[in-house]
Colleague: 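Sharing a structure, written as structure tokens. Questions coming.
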Protein chains: 2
Amino acid sequence: MKKNGISKSVVKRLPRYYRYLGELLNAGVERISSGELSKRMNVTASQIRQDLNNFGGFGQQGYGYNVRYLREEIGKILGLTETHNMIIIGAGRIGRALANYPFDKYGFHTIGIFDRDPELKDMEVKDLHVMMNEELPSFINSHHIDIAILAIPKESATEMAPFLCENGIKAFMNFSATDLNGILPKDVIVEHVHLSESLMKLSYNLNLKKTDDDDVS
Amino acid sequence: MKKNGISKSVVKRLPRYYRYLGELLNAGVERISSGELSKRMNVTASQIRQDLNNFGGFGQQGYGYNVRYLREEIGKILGLTETHNMIIIGAGRIGRALANYPFDKYGFHTIGIFDRDPELKDMEVKDLHVMMNEELPSFINSHHIDIAILAIPKESATEMAPFLCENGIKAFMNFSATDLNGILPKDVIVEHVHLSESLMKLSYNLNLKKTDDDDVS
DNA sequence: TAGATTGTTAATCGATTAACAATC
DNA sequence: TAGATTGTTAATCGATTAACAATC
């Protein structure tokens with residue numbers, strides 16, 4: 001197995017580069033130097049060059065980087081040249097909102113949304129109809145699913161995630177308040193979105209600022 | 001101004017400690033050692049002790065940490081002892097889903113939801129009625145708002161965020177695909193939730209795994 | 001060619017882990 | 001008291017920044 005030499009910090013920055021390059025492209029900018037980009041993105045030019053050179057030399061001395069080309073290359077690295085099929089587990093407000101979210105723009109297509117509540121069966125969500133959890137195994141079996149989005153409470157998530165793995169799911173975007181620790185095969189990929197914890201970080205910083213301001217006065 | 005000596009990496013872990021301690025408390029666990037907690041959380045015991053000792057000595061040699069006490073102290077550090085009022089900008093699916101999200105559990109109360117679309121005016125969302133953006137200044141003025149959640153597209157966000165700052169907002173939870181770079185006062189706090197970029201990270205890792213698997217076969 | 005800017009090596013900085021004396 | 005486990009210092013590791021030779 002090829003060892004993965006790229007650090008998480010670098011990978012986390014790739015989508016951000018991709019986004020800025022997209023904006024530049026839209027603005028009709030043809031080329032950009034690491035120095036210019038660093039100013040826009042509020043990072044060091046050094047970091048940009050280091051990050052990119054993990055994957056190859058995409059620039060040219062004396063010229064900089066071709067915006068379109070660099071964006072395409074980062075897209076390839078991120079796997080955005082292929083489309084990804086997703087299912088959403090949970091047809092509550094969050095699940096439905098995510099089904100309507102414009103992920104298609106980047107090739108992430110939601111092709112199924114599931115719930116356990118019979119009341120929601122067949123409910124129309126975007127261009128889909130809510131299916132029951134019992135239908136999951138056969139659906140997964142007959143479609144190629146890359147990602148399952150868990151839009152359910154943590155109790156359901158700890159139950160559903162292993163079940164989905166048994167049925168072949170290899171990657172999750174998890175909105176529930178659990179890390180799914182120790183209940184999934186080690187090769188399964190999980191991306192957590194802990195909304196409450198994001199608010200807590202905000203709260204911490206607000207609290208900090210308040211204390212600082214008090215010191216000043 | 002008291003300089004903030006706590007690193008972002010540490011702060012990011014605090015809500016997670018808080019969550020695990022809450023689970024332990026619910027499970028009736030009275031005390032826990034850094035070693036025990038480290039196993040559950042998949043971090044080193046050293047890191048836990050280092051992290052906590054940034055804020056004070058909450059443990060006791062030979063005993064460990066009292067779960068209830070430690071959780072309370074982390075709650076204080078995170079500012080969860082006070083309630084926070086929030087407004088949601090954007091009454092689309094995401095905005096409405098967030099209005100119904102159980103943030104109240106941690107003292108984050110949504111007291112207003114706004115949109116620019118007259119069609120949505122007065123629409124019922126949870127226990128609220130959608131207000132128009134024009135009403136924002138007077139609403140902010142007559143209520144104490146800690147956080148504004150931006151559940152709008154990036155074009156609207158780059159317009160609304162500075163406007164909200166002018167009207168006294170000091171912290172944002174930003175769901176739009178922009179960093180709001182350079183358009184806000186430096187003391188304003190922003191927490192970004194870039195959902196598309198989370199999917200891209202997933203995609204990167206899926207891509208990586210696929211390549212690795214190919215090497216093996 | 002001269003100027004600009006990359007790719008890359010070396011230096012610095014910060015975060016994580018290890019170790020252990022203090023102490024409950 | 002002896003055993004356990006913290007708080008904290010020291011060592012290691014990794015990530016970021018600086019510097020500069022290569023080169024377009």
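Chain naming here is simple, since letters A, B, ... match the order of the sequence lines and numbering starts at 1 in each. Just so you know, these numbers come straight off a predicted model, no measurement behind them. These numbers come from the heavy atoms of this one structure, side chains and all, not from hydrogens, waters or symmetry mates.
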Colleague: Holding to ring pair (Phe, Tyr, Trp, His ring centres under 6.0 Å), I want the full list of residues that pass it with B/Tyr106, two or more places apart in sequence or in another chain.
Modeller: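 Per chain and number, B/Tyr106 pairs via ring pair (Phe, Tyr, Trp, His ring centres under 6.0 Å) with no residue.
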Colleague: Quick one, B/Lys210 with A/Glu82, criterion salt bridge (Lys or Arg N to Asp or Glu O under 4.0 Å). Give me CA distance, side-chain angles, the key distance, then yes/no.
Modeller: CA-CA 12 Å; B/Lys210 211 177 49 185; A/Glu82 298 168 49; 3.0 Å; yes
Colleague: When you measure from the side chain of B/Asn85 to the backbone N and O of B/Asp146, does any donor-acceptor pair fall under 3.5 Å?
Modeller: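 No.
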Colleague: For B/Gln47 and C/dG14, give me the distance from atom CD to atom P, rounded to whole Å.
Modeller: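 Between P of C/dG14 and CD of B/Gln47: 18 Å.
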Colleague: To the nearest Å, give me how far apart OH (A/Tyr65) and C1' (C/dT5) are.
Modeller: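 Value for this atom pair: 9 Å.
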Colleague: Partners of B/Lys39 by salt bridge (charged side-chain N to carboxylate O under 4.0 Å, His left out), sequence neighbours excluded?
Modeller: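 With neighbours one apart ignored, the set is B/Glu36.
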Colleague: Rounded to the Å, how far apart are B/Asn54 CG and D/dT8 P?
Modeller: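 Roughly 11 Å, once rounded to whole Å.
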Colleague: Can you list every pair that meets side-chain hydrogen bond (donor to acceptor under 3.5 Å, both in side chains) and has a residue in residues 157-168 of chain A, with sequence neighbours left out?
Modeller: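 The answer is none; no pair qualifies.
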Colleague: Quickly work out the A/Asp51 CG to D/dT17 P distance and round it to whole Å.
Modeller: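 Taking CG of A/Asp51 and P of D/dT17, I get 10 Å after rounding.
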Colleague: Strictly by side-chain hydrogen bond (donor to acceptor under 3.5 Å, both in side chains), give each pair with a member in residues 21-32 of chain A just once, sequence neighbours left out.
Modeller: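 Every candidate side-chain hydrogen bond (donor to acceptor under 3.5 Å, both in side chains) pair involving residues 21-32 of chain A fails, so no pair, neighbours aside, qualifies.
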Colleague: In this structure, how many angstroms lie between the C1' atom of C/dT16 and the CG atom of B/Asn42, rounded?
Modeller: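 Going from B/Asn42 (CG) to C/dT16 (C1'), I get 15 Å.
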Colleague: Please map the stems of DNA chain C, keeping only stretches of three or more Watson-Crick or G-U wobble pairs with both distances under 3.5 angstrom.
Modeller: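 Only these stems qualify: C:3-24 with D:3-24.
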Colleague: For A/Lys126, check salt bridge (charged side-chain N to carboxylate O under 4.0 Å, His left out) against everything at least two apart and list the hits.
Modeller: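 Once residues adjacent in sequence are excluded, the partners of A/Lys126 under the salt bridge (charged side-chain N to carboxylate O under 4.0 Å, His left out) criterion are A/Asp104.
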Colleague: Rounded to whole Å, how long is the line connecting atom CG of B/Leu52 with atom P of D/dT5?
Modeller: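 One finds 16 Å between P of D/dT5 and CG of B/Leu52, rounded.
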Colleague: Apply salt bridge (charged side-chain N to carboxylate O under 4.0 Å, His left out) to A/Arg13 and list each qualifying residue two or more places apart in sequence or on a separate chain.
Modeller: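 Here the qualifying residues are A/Asp51.
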Colleague: Could you work out, with salt bridge (charged side-chain N to carboxylate O under 4.0 Å, His left out) as the rule, every residue matching A/Arg16, not counting sequence neighbours?
Modeller: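 Scan of A/Arg16 (salt bridge (charged side-chain N to carboxylate O under 4.0 Å, His left out), adjacent residues dropped) gives B/Asp179.
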Colleague: For nucleotides 18-24 of chain C, just jot down a letter per nucleotide in 5' to 3' order: B, S or -, based on protein non-hydrogen atoms under 4.0 Å.
Modeller: BBB-BBB
Colleague: Taking atom P of D/dA15 as reference, at what distance in whole Å does atom NZ of B/Lys8 sit?
Modeller: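 Going from NZ in B/Lys8 over to P in D/dA15 covers 17 Å.
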Colleague: Whole Å only: how far is the CD1 atom of B/Ile48 from the P atom of D/dT6?
Modeller: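 So the two atoms are 9 Å apart, to the nearest Å.
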Colleague: Give me each pair satisfying side-chain hydrogen bond (donor to acceptor under 3.5 Å, both in side chains) with a member in residues 63-72 of chain A, each pair once, sequence neighbours excluded.
Modeller: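 Every side-chain hydrogen bond (donor to acceptor under 3.5 Å, both in side chains) pair that includes a residue of residues 63-72 of chain A, provided the two are not neighbours, is A/Tyr18-A/Arg71.
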Colleague: Which of residues 12-38 of chain B sit near DNA chain D, with a heavy atom under 4.0 Å from it?
Modeller: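 Close to the strand are B/Ser33, B/Ser34.
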Colleague: Any side-chain hydrogen bond (donor to acceptor under 3.5 Å, both in side chains) involving residues 182-192 of chain B? Give me the pairs, sequence neighbours left out, ordered by first then second residue.
Modeller: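 Qualifying pairs, neighbours excluded: A/Lys201-B/Glu191, B/Lys170-B/Asp187, B/Asn174-B/His192.
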